[in-house]
Amino acid sequence: MPKRRYLTLSKTQREELMAIRDRHQKAYMREKAAALLKISKGQSPHDVALHGLLKPHAPDTIYAWMDRYEKEGIAGLRVKAGRGRKPAFSPKYATEDEAKEGIFHVLRRSPEQYGHQRSRWTLSLLLKELPWLRLGSVSGLSRLLKRLGIHYKRGRDYVHSPDPAYQDKVSQIELKRLRALYAPERFVFLYLDEFTYYRQPTLAQAYELAGHTQPLAVRSHGSNLSFRVLAALNIMNGQVTWIQRKKIGNNVLVDFWYTLRKTYPDAEVIYVALDNWPVHFHPDVLAPLQPQQSSFSPRLPGNWPTEPSPQAKQDDLPIQLLPLPTYASWLNPIEKLWRWLKQAVLHLHRHSDEWPLLRSLIEAFLNQFTQGSPDLLRYTGLLPP
């Protein structure tokens with residue numbers, strides 16, 4: 001078995017690498033600096049390669065970074081001209097998945113937000129707004145979209161509120177996510193959401209005899225009771241912090257802030273990305289938190305107070321709320337936890353006359369994630385397969 005490698009840094013070297021990790025304009029430099037700092041603190045290069053960075057690397061890659069740093073210092077970390085993998089969509093995106101996401105940032109917004117007096121995108125308009133593709137014809141764009149799995153499809157009815165600050169909010173959230181990914185000992189990033197489930201089973205597909213016989217959703221004669229789940233998903237380890245209540249209001253949210261602080265007692269800042277439900281931003285709900293730094297605040301009802309009530313808890317919890325773009329549920333990975341919950345417990349369940357039992361099954365399902373889960377990270381798309 002090869003001898004384990006260690007890396008010893010002087011105070012100056014450590015400060016230099018920390019500055020690169022936190023502020024360098026090149027992502028690959030931030031990643032290399034983060035890897036070296038983790039190794040210098042005692043993590044093995046093998047563990048850093050597989051689990052310590054934004055995406056897994058071959059251990060030999062990490063060893064090569066160490067070799068070049070020990071020989072050349074910071075200069076050895078830079079990619080020299082003519083070396084490195086060439087971006088598939090140079091100079092903006094390196095992979096097809098990143099390029100597809102960049103296209104959707106435009107495609108899922110109204111052309112009117114770009115100054116075009118049309119309700120739908122055409123290939124020619126998209127070509128104008130995606131100059132980084134460096135395509136010269138609409139036929140070339142059509143072939144590219146087909147290759148990326150983006151097709152011209154019939155729409156369906158949907159309630160959507162376009163957010164003019166969509167891209168700015170996404171950028172702010174991504175910046176805070178990177179902080180948590182590169183310095184998990186200091187920062188925690190969570191996605192938060194609420195979910196309502198009901199006594200009656202939901203309809204879904206199941207195996208049955210061919211023909212007219214269909215799977216049955218056994219319904220109760222009792223009223224269709226409901227219960228609410230409030231949960232937060234950690235992007236690093238898949239840990240789910242959750243509670244369930246009959247209703248979720250100001251007091252429940254305030255108690256949940258303290259639960260998050262108890263779960264992450266050493267974090268300098270706990271970033272919480274969440275939707276624009278006004279209750280999330282009620283003055284009484286914000287009162288226990290540090291002053292919020294986000295430049296985006298959802299519109300609150302006009303009859304709400306602008307200051308906390310005398311009964312509100314006043315504290316200095318290090319929690320920063322990050323509002324997601326309006327009606328952009330695809331940006332909140334915890335939505336996939338709810339989908340898993342429906343698939344595993346709620347679809348066609350047989351406990352409509354056993355309300356306490358159904359609630360206990362929900363509890364058992366969520367408890368499997370309270371210590372973290374790579375499977376949940378993979379299911380929600382936060383962990384590469």
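Keep in mind that what you see is a predicted model, and the values were worked out from it rather than measured.
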Polar contact flag, side-chain donor to acceptor under 3.5 angstrom, [X]-[Y]:
{"X": "S44", "Y": "D47", "value": "yes"}
{"X": "R177", "Y": "Y182", "value": "no"}
{"X": "S10", "Y": "T12", "value": "no"}
{"X": "N367", "Y": "W242", "value": "yes"}
{"X": "Y191", "Y": "N234", "value": "no"}
{"X": "R228", "Y": "T196", "value": "yes"}
{"X": "Y271", "Y": "R179", "value": "yes"}
{"X": "S40", "Y": "R14", "value": "yes"}

Contact summary for [X] and [Y], nearest pair of heavy atoms:
{"X": "A344", "Y": "F365", "result": "CB-CE1, 3.9 Å"}
{"X": "L203", "Y": "A217", "result": "CD2-CB, 3.5 Å"}
{"X": "Q320", "Y": "P291", "result": "NE2-O, 3.0 Å"}
{"X": "E31", "Y": "H57", "result": "OE2-NE2, 2.8 Å"}
{"X": "R219", "Y": "S352", "result": "C-OG, 3.5 Å"}
{"X": "R30", "Y": "I20", "result": "CG-O, 3.4 Å"}

For the pair R5 and D67, find out whether any cationic side-chain nitrogen is under 4.0 Å from an anionic carboxylate oxygen.
yes
Could you tell me if the side chain of [Y] sits less than 4.5 Å from the side chain of [X], heavy atoms only?
{"X": "Q200", "Y": "H349", "value": "no"}
{"X": "R68", "Y": "K32", "value": "yes"}
{"X": "K247", "Y": "V252", "value": "no"}

Pi-cation contact, F227 with R359 (under 6.0 Å, within 45°):
yes
Under the 6.0 Å and 45° cation-pi test, does K313 pair with Y258?
yes
Single hit among V272, L324, I334 for side chain to side chain contact (heavy atoms under 4.5 Å, CB included) with L192
V272
Centroid-centroid distance, W121 to Y114, less than 6.0 Å
yes
When you look at Y28 and W65, which way does the ring pair (Phe, Tyr, Trp, His ring centres under 6.0 Å) test go after all the steps?
CA-CA 11 Å; Y28 77 85; W65 294 351; 9.0 Å; no
Cluster check L54, L190: I/L/V/M/F/W/Y, side chain < 4.5 angstrom
no
Would Y166 and Q113 count as a side chain to side chain donor-acceptor pair (under 3.5 Å) here? Give the steps.
CA-CA 11 Å; Y166 182 100; Q113 294 185 29; over 6 Å; no
